Amino acid sequence: MVDGHQSGAAVDLEPYAQNRPQCLIQLTDDRVAVASVPITGKHGGAITLWNPMTNEIDVFAGVIKDQTPVSLVGHDGLIFGGTSINGGYGIDPVTPEGKLFAWDPQSHQVIFETVPVPGATTVAGLIMDEQGHLWGLADSVIFEFDPARRVVRHRTRLFADADGSRYGNDHVLLLRDGELFGVTAGRLFRFDRRTRRPHVIYPGAHGESPSARHLAMDRNGDLYFIARSTRLMRYRPA
């Protein structure tokens, strides 16, 4: 653990061998949890607990040894996270598979860690459903995890090709009116939780290879994503 205090409007994680924040979530208190990638040539991404009002930070590097936390979600007082096997640029991975873990922001201890999808290099896109089950994307596999029993309930391979996103930036899941929508492997899709089948909404346009990236939803439930390199696209579910 590293204790730090930064004055002003921004916090610099470079002194703690961290850069490129990947995910921020609001905790139940006045803190924000930030997942970050280590600097070039280093392994050991961090979770930083940040108070935006005071800019006080606690940086916890190496929460999962030699891996980088890239996706976070809070539930029942814990932080659930997914990792990438990649560290900073300029260094090769030294672990084979991305992990799913639970971390206690009060005790600063890892409660458990597991491999939800064997062989997958990145676990990201984490989201909790109405039943308190955790969904995520690991390469091109969607999985459902039961935090209470700490077991993977099922896995479904969405596409034959894997998403090459180094830190899982392009693995995104959203829940809208009980339906799961997501982006991975360059496609926008809807996932039917009853049949366990994906339905591709945007496979690419005019003979292009799949190119959908990122995903966000507005207050009306419309979905937005980036496609064809720089185009902002909108999808309005029926």
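Keep in mind that this is a model prediction, so the values were computed, not measured.
In terms of heavy atoms, S140 sits closest to A185 at OG-CB, 3.6 Å. Smallest separation of non-hydrogen atoms from N19 and S36: O-CB, 3.8 Å. Shortest non-hydrogen contact noted between P21 and V34 is CB-CG1, 3.8 Å. In terms of heavy-atom proximity, I25 sits nearest to C23 at CG2-SG, 4.1 Å. For A102 against L78, the heavy-atom pair with the smallest separation is CB-CD1, 4.3 Å. Taking both residues in full, the closest heavy atoms of W103 and I47 are given as CZ3-CG2, 4.0 Å, listed atom of the first, atom of the second, then distance.
Between H75 and F80, the ring planes lie tilted relative to each other; the angle falls in the 30° to 60° range. Between H108 and F60, the ring planes are tilted. Angles from 30° to 60° get that label.
Judged by distance alone, the side chain of Q18 and the main-chain N or O of G44 form a donor-acceptor pair under 3.5 Å. Between the side chain of Y167 and the backbone N or O of P69, no donor-acceptor pair lies under 3.5 Å. T122 places no side-chain N or O within donor-acceptor distance of the main-chain N or O of G168, the cut-off being under 3.5 Å. For the pair H43 (side chain) and D92 (backbone), a donor-acceptor distance under 3.5 Å is present. Listed for the R213 side chain is no donor-acceptor partner under 3.5 Å among the backbone atoms of N169. Looking only at distances, a side-chain donor or acceptor of Q67 sits under 3.5 Å from a matching main-chain atom of E97. Remark: the backbone N or O of N86 is paired with a side-chain donor or acceptor of T68 at under 3.5 angstrom. Between the side chain of D218 and the backbone N or O of N220 there is at least one donor-acceptor pair closer than 3.5 Å.
Applying the salt bridge (Lys or Arg N to Asp or Glu O under 4.0 Å) test to residues at least two apart or on different chains, the pairs with a partner in residues 121-139 are D129-R193, E130-R193. The salt bridge (Lys or Arg N to Asp or Glu O under 4.0 Å) pairs that include a residue from residues 15-31 are D29-R31, where partners are two or more places apart or lie in different chains. Listed by first and then second residue, the salt bridge (Lys or Arg N to Asp or Glu O under 4.0 Å) pairs that reach into residues 101-121 are K99-E113, sequence neighbours excluded.
To the nearest 0.5 angstrom, L72 atom CG is 10.0 Å from Q22 atom CD. Here the CE atom belonging to M128 is positioned 9.0 Å from the CZ atom belonging to F145, to the nearest 0.5 angstrom. Taking CD1 of I64 as the reference point, atom OG of S84 lies at 13.0 Å (rounded to 0.5 Å). Annotation: the span from L215 atom CG to F181 atom CZ amounts to 9.5 Å, rounded to 0.5 Å. Taken from CZ in R197 to CZ in R194, the straight-line distance is 10.5 Å, to the nearest 0.5 Å. Atom CZ of residue R236 and atom CG of residue L223 lie 10.5 Å apart, to the nearest 0.5 angstrom.
I57 has its side chain within reach of Y16: a pair of non-hydrogen atoms, C-beta onward, lies under 4.5 Å apart. No side-chain heavy atom of L100 sits under 4.5 Å from any side-chain heavy atom of V152. R155 is listed as a side-chain neighbour of P118, based on a closest heavy-atom distance under 4.5 Å. With a 4.5 Å cut-off on side-chain heavy atoms, K42 and I91 do not count as touching. Taking 4.5 Å as the limit, some side-chain heavy atom of L175 sits within range of a side-chain heavy atom of L180. Between T184 and F189, the closest side-chain pair of non-hydrogen atoms falls below 4.5 Å. Inter-residue side-chain proximity for T121 and P93 is flagged as unmet; no heavy-atom pair is nearer than 4.5 Å.
The side-chain contact (heavy atoms from CB on, under 4.5 Å) with P52 is formed by just one residue from the set V11, V32, L24; it is V32. Just one of V172, L158, V123 meets the side-chain contact (heavy atoms from CB on, under 4.5 Å) condition when paired with L137; it is L158.
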- request: May I have the step-by-step check of side chain to side chain contact (heavy atoms under 4.5 Å, CB included) for T83 and T95, ending in yes or no?
  value: CA-CA 11 Å; T83 69; T95 58; over 6 Å; no
query: Where do L126 and W135 land on the side chain to side chain contact (heavy atoms under 4.5 Å, CB included) test, with the steps shown first?
result: CA-CA 6 Å; L126 299 182; W135 292 79; over 6 Å; no
query: What do the steps show when you test R150 against I111 for side chain to side chain contact (heavy atoms under 4.5 Å, CB included), and what is the final call?
result: CA-CA 11 Å; R150 300 183 186 177; I111 306 303; 3.3 Å; yes
message: Test side chain to side chain contact (heavy atoms under 4.5 Å, CB included) on L232 and I226; report intermediate values, then the result.
response: CA-CA 5 Å; L232 176 64; I226 303 297; 4.0 Å; yes
task: Show the numbers, then the answer: is there a ring pair (Phe, Tyr, Trp, His ring centres under 6.0 Å) between Y202 and F225?
output: CA-CA 10 Å; Y202 183 84; F225 62 100; 5.2 Å; yes
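Within 6.0 Å of the CZ atom in R176, the count of heavy atoms belonging to other residues, nucleotides or ligands exceeds 12.
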